[in-house]
Amino acid sequence: MDTDVLIVGAGPTGLMLANQLARRGVRALIIDRHAGPARETRALGVQARTLEIYERLGIVDRALELGKRGTGANLWAEGRWMAHVPLSDAGQSMTPYPYLLILGQDDNERIMGDRLRELGMSVQWNTELTALEQQPDHVMATLKQPDGGQRRLSAAWVAGCDGARSSVRELCGIAFAGAPYEHVFFVADTEVTGSMVPDSVNVYLWRQGFHLFFPMRGADHWRLVGILPVELRNRNDVSFESVIPSLRSEAGPGLSFKTCTWFSTYRIHHRAAERFRDRRCFVLGDAAHIHSPVGAQGMNTGLQDAYNLAWKLALVVQGRARATLLDSYEAERIPVARRLLETTDRGFRLVVADNWLAGLFRTKILARIMAFAMSRKRVQGFFFRTISQTGIEYRTSALSQSLGSMPGDGPRAGDRFPWLRLKLAVGGPIEDLFQKLDDTRFNLVTIGQPPASGGAALGDLLRNHAIPDDPANDAELRRAKIPRRAFYLLRPDGHVGLCGVDVDSAAISRYVSERLGCVPA
Ligand SMILES: Cc1cc2nc3c(=O)[nH]c(=O)nc-3n(C[C@H](O)[C@H](O)[C@H](O)COP(=O)(O)OP(=O)(O)OC[C@H]3O[C@@H](n4cnc5c(N)ncnc54)[C@H](O)[C@@H]3O)c2cc1C
């Protein structure tokens, strides 16, 4: 076998998968048909859940240094300021990163590419996948090499991280159902001054649509995203100058543009692959789902597809788990993609509908409803969990099992385990539990009982974390609605696999061998 995993595509999704496999010691080859990394910013919102993953990968400091923290949004309608929508307040207790980090896709790719090189792997550029042949125990891939020649290569598994026009998806005959929207988006990187509230996403709603101003690194640097006015929609010669009148008409005549370094228009689609796997090939990221950029979810969802698949692939490649474990990738990620398509589609239609009534709703009512709703703590919490992707759960997955009666409002099997600050040693300081979790292994968190030997079946793949009795811990556990006696077996991606009241070694062993398909080392 030439390689264990062939990763096709070195966009954000492929780079995340390559990093996660490299740090687990898996032999992988990552290729891209382009000559080098993309220069365009494209996606620019990095969500809290992605930052948590970046932290484990050792790149969060660099991302925070380069990015700008968006702690909320300001809504404007027909040139008038309407409301402030806070993002951070509700997130303070949920994650170490209670904001949207505004950091261009190019920077994200650069940081992940640098880390990958540190881990001893690098992208093979100018290399294109042109054909695939699936065999029972491997895949034969045909690659067009930088010198124009062809190479045939055998891989145990192929990960199609090759974007919306995915060759892997097409070569596997996986349908990509959906449709394009009639609206055309534009993006522009500008240096501009105007009414915008600094360090905040400014949303200008108007009768024909919306314009978003994202604060970027550097003085007066804003990324503008909007939909083209109807009269420009079917023209091929649209330039930044042609959208300035519509920008001025609702973001105010006071807008003063100094430079525009990048302008692009694009038509968006909403589509999802009917399957995320065909035998030994997987599709991830834009190859599996594309949707409107409303909510800044696209790139983040691809990164988390990769995070979900990586630990499973690593266990299977290393002979620590049976290949059936890989079935859970599709079972867990397809519902996430479908939900995302539905919500972004609803949100998108609401903010772009062309009719007169929708225009009136957008400019007269929407901002007020948002401001009122967001003054409610529960709504704020729901909104933050949804946007930040910390609320993604796999409760119906075959890998999620709850033993005995666990409280319904606390963490459940399938949920991302909550962010807790606890005393991890008797008389010790309060520490961030996330910092202690090893995401290349399983983590067994036991509360109100002695440290368990219950994870023996996982051997060196397990870390134990016994939470000592302490008043400070009681308060933190109460806040997270965690019972005073409980255990949580966390998967490497931080989601609860198995949970229950009393640690039960036999039940953990059964879970590990039957549900995860792990085989003894
Ligand atoms: C103009 C624009 C603006 C956008 N703005 C936003 C935004 O504001 N927010 C947001 O969330 N998302 C946005 N997106 C979407 C976002 O860019 C994608 O969700 C993200 O790039 C998906 O990453 P990916 O790695 O899955 O795919 P991609 O980034 O598309 O990477 C796929 C890679 O695969 C390579 N490849 C393809 N076929 C082959 C082959 N046969 N062999 C080898 N290599 C191959 C390509 O060269 C490419 O490098 C925008 C997209 C565009 C085009």
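The figures that follow rest on heavy atoms only: side chains count, while hydrogens, waters and symmetry mates do not. As the structure lists them, so they are numbered: ligands from 1, and atoms in each ligand from 1.
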The protein heavy atom nearest to atom 16 (C) of ligand 1 is Gln105 OE1, 3.5 Å
Going by distance only, is there an N or O of His34 that falls short of 3.5 Å from an N or O of ligand 1?
yes
Do any nitrogen or oxygen atoms of Leu129 lie less than 3.5 angstrom from nitrogen or oxygen atoms of ligand 1?
yes
Is the backbone N or O of Gln20 less than 3.5 Å from a side-chain atom of Arg24, with the two atoms forming a donor-acceptor pair by type?
yes
Any heavy-atom pair between the side chains of His211 and Phe213 that's under 4.5 Å?
yes
Ligand 1 to Glu128 polar contact by distance, N or O atoms, under 3.5 Å:
no
Identify the protein heavy atom lying closest to atom 4 (C) of ligand 1, giving its residue, its atom name and the separation to 0.1 Å.
Tyr266 OH, 3.6 Å
Any N or O on Ser167 sitting closer than 3.5 Å to an N or O of ligand 1?
yes
In the protein, what heavy atom is nearest to atom 33 (C) of ligand 1, and what distance, to one decimal place, separates them?
Asp32 OD2, 3.5 Å
Tell me which protein heavy atom sits closest to atom 15 (C) of ligand 1, plus the residue, atom name and distance to 0.1 Å.
Asp286 OD2, 4.3 Å
Would you indicate whether the side-chain heavy atoms of Ile387 and Gln47 approach each other to under 4.5 Å?
yes
Taking atom types as modelled and ignoring hydrogens, do the side chains of Thr50 and Asn300 form a donor-acceptor contact shorter than 3.5 angstrom?
yes
How are the rings of Tyr329 and Phe282 set to each other: parallel, tilted or perpendicular (split at 30° and 60°)?
perpendicular
Can you find a non-hydrogen atom of Pro12 under 4.0 Å from ligand 1?
yes
Among all the protein's non-hydrogen atoms, which is closest to atom 31 (O) of ligand 1, and how far away is it?
Gly11 CA, 3.6 Å
Hey, is ligand 1 close enough to Thr13 that some N/O pair sits below 3.5 Å?
yes
With a 4.5 Å cut-off on side-chain heavy atoms, are Arg277 and Trp157 touching?
yes
At a non-hydrogen distance cut-off of under 4.0 Å, which region of Val225 contacts ligand 1 (side chain, backbone, both, or neither)?
neither
With heavy-atom distances below 4.0 Å as the criterion, list the atoms of ligand 1 near Thr127.
43 (C)
For ligand 1, which atoms have a heavy atom of Gly285 less than 4.0 angstrom away?
26 (O)
Considering only protein heavy atoms, which is closest to atom 28 (P) of ligand 1, and at what distance to one decimal place?
Arg42 NH2, 3.8 Å
Salt bridge (charged side-chain N to carboxylate O under 4.0 Å, His left out) partner of Glu332, chosen from Arg338, Arg395, Lys312, Arg339:
Lys312
Val8 heavy atoms within 4.0 Å reach ligand 1 at atoms 40 (C), 42 (N), 43 (C)
With sequence neighbours left out, write down each residue that passes ring pair (Phe, Tyr, Trp, His ring centres under 6.0 Å) with Phe214, or none if nothing qualifies.
none
Any donor-acceptor N or O pair under 3.5 Å, side chains Gln150, Thr142
no
Atom 27 (O) of ligand 1: which protein heavy atom is closest, and how many Å away?
Gly163 CA, 3.7 Å
Would a 4.5 Å heavy-atom cut-off, applied to side chains only, mark Val139 and Arg279 as touching?
no
Minimum side-chain heavy-atom gap Phe240-Thr190 below 4.5 Å:
yes
Starting from atom 7 (C) of ligand 1, locate the nearest protein heavy atom and write down its residue, its atom name and how far away it is, to 0.1 Å.
Ala43 CA, 3.3 Å
Straight-line distance of Tyr54 OH to Tyr97 OH, nearest 0.5 Å:
12.0 Å
When you measure from atom 32 (C) of ligand 1 to each heavy atom in Gly160, Cys161, Gly298, Ala38, which option holds the nearest one?
Cys161
Any Gly302 heavy atom less than 4.0 Å from ligand 1
no
Take a 6.0 Å sphere around CZ of Phe382 and say whether it holds more than 12 heavy atoms from other residues, nucleotides or ligands.
no
Under 4.0 Å from a heavy atom of Met299: give me the atoms of ligand 1 that qualify, with their elements.
11 (O), 19 (O)
May I ask whether Ile290 has any heavy atom positioned less than 4.0 angstrom from an atom of ligand 1?
no
Would you say Val168 and Ile174 make side-chain contact, with heavy atoms under 4.5 Å?
no
Report yes if Ala10 has an N/O atom closer than 3.5 Å to an N/O atom of ligand 1; otherwise report no.
no
Do Arg33 and ligand 1 have an N or O pair less than 3.5 Å apart?
yes
